[in-house]
Peer 1: 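Take this structure, written in structure tokens, and hold onto it; I'll ask about it next.
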Amino acid sequence: AQSVAQPEDQVNVAEGNPLTVKCTYSVSGNPYLFWYVQYPNRGLQFLLKYITGDNLVKGSYGFEAEFNKSQTSFHLKKPSALVSDSALYFCAVRAPSTGTASKLTFGTGTRLQVTL
Amino acid sequence: GAGVSQSPSNKVTEKGKDVELRCDPISGHTALYWYRQSLGQGLEFLIYFQGNSAPDKSGLPSDRFSAERTGGSVSTLTIQRTQQEDSAVYLCASSLASGGTVEQFFGPGTRLTVL
């Protein structure tokens, strides 16, 4: 069975500082990995995904994530945080097969708080 | 174009009542998913529809939960004899296909409160 772990319930960072939101996964075979962001009272918005190729993936709003196969990690990063980045971030994994495996398995989420 | 829409945005019901939650996916999206988001937990997969194929119901927590998708578009999630533990935000998502590389687009959710 596939699973995702987000070890930090909350990450606090000052505006202008770099941020990292951690994610590790477990899946059979090569994973498809996703990051979503949820702003208050909103649905989830897609940020970026890793399918294959370059381990560093760039996404929306200046976010990027690095796929590390040996450490089974897919940490979300941003060089300079903004207060408006404050939200709930979810990492998700999907096994690379069709049918029932098309569902995403999500982590429990990490709340990012960016302060002035 | 319009995104995924869900209705109602909020639903308060009494224990034992039935509720119906509606999802309108993005036009042309063949795959539709329901998830449940409980306080302090991640998103829990409930059910998945792809075209005319039989739905994947493996995530439904009990036989009180059911869902249908009419005409390959609108979907309704029904919870019968609601319990307090059913209180959560129910999220619907759709995607162009069911392939593993395709991202899902989420609606704003329906917040269900069972008193």
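Naming convention: chains lettered A, B, ... in sequence-line order (proteins, then strands); numbering from 1 in each chain. Given the structure is predicted, the values throughout are model-derived calculations rather than measurements.
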Peer 1: If hydrophobic clusters are built by linking Ile, Leu, Val, Met, Phe, Trp and Tyr wherever their side-chain heavy atoms come under 4.5 Å apart, do Leu21(B) and Tyr48(B) end up in the same one?
Peer 2: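 Cluster IDs for Leu21(B) and Tyr48(B) differ.
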Peer 1: Under 4.5 Å from any heavy atom of chain B, what part of Tyr50(A) do you find: side chain, backbone, both or neither?
Peer 2: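 Neither part; nothing is under 4.5 Å.
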Peer 1: Just checking Phe106(B) against Tyr36(A), ring centres under 6.0 Å apart?
Peer 2: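 Between Tyr36(A) and Phe106(B), which both carry aromatic rings, the centre distance is below 6.0 Å.
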Peer 1: Top residue by heavy-atom pair count (under 4.5 Å) with chain B, among Leu44(A), Thr105(A), Leu88(A), Thr52(A)?
Peer 2: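 Option with the greatest count: Leu44(A).
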Peer 1: Would you say Val114(B) and Phe65(B) are hydrophobically clustered, going by side-chain heavy atoms of ILVMFWY under 4.5 Å?
Peer 2: yes
Peer 1: For the side chain of Tyr33(B) and the backbone of Leu104(A), is there at least one donor-acceptor N/O pair under 3.5 Å apart?
Peer 2: no
Peer 1: Can the ring centroids of Phe106(A) and Tyr35(B) be said to lie less than 6.0 angstrom from one another?
Peer 2: yes
Peer 1: So if you build clusters from Ile, Leu, Val, Met, Phe, Trp, Tyr with side-chain heavy-atom gaps below 4.5 Å, do Tyr61(A) and Val57(A) land together?
Peer 2: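 Yes, same cluster.
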Peer 1: Would you say Tyr39(A) and Leu112(A) are hydrophobically clustered, going by side-chain heavy atoms of ILVMFWY under 4.5 Å?
Peer 2: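 Linked, Tyr39(A) and Leu112(A) end up in one cluster.
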Peer 1: A quick test of your reading: do over 12 heavy atoms of other residues, nucleotides or ligands sit less than 6.0 Å from CD of Glu14(B)?
Peer 2: no
Peer 1: Taking Leu82(A) as the starting point, is it possible to reach Val11(A) by hopping between hydrophobic residues whose side chains are less than 4.5 Å apart?
Peer 2: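 Shared cluster, no.
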Peer 1: Examine whether an atom of Gln37(B) lies under 4.5 Å from a heavy atom of chain A, and if so say whether it belongs to the side chain, the backbone or both; otherwise answer neither.
Peer 2: side chain
Peer 1: What part of Gln45(A) gets closer than 4.5 Å to chain B, counting heavy atoms only: side chain, backbone, both or neither?
Peer 2: neither
Peer 1: I need the Glu103(B) CD to Ile51(A) CD1 distance, nearest 0.5 Å.
Peer 2: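 It comes to 8.5 Å.
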Peer 1: Closest approach of Val102(B) and Lys49(A), non-hydrogen atoms and distance?
Peer 2: CA-NZ, 4.3 Å
Peer 1: Tell me, for Leu43(B) versus chain A, whether the close heavy atoms (under 4.5 Å) come from the side chain, the backbone, both or neither.
Peer 2: both
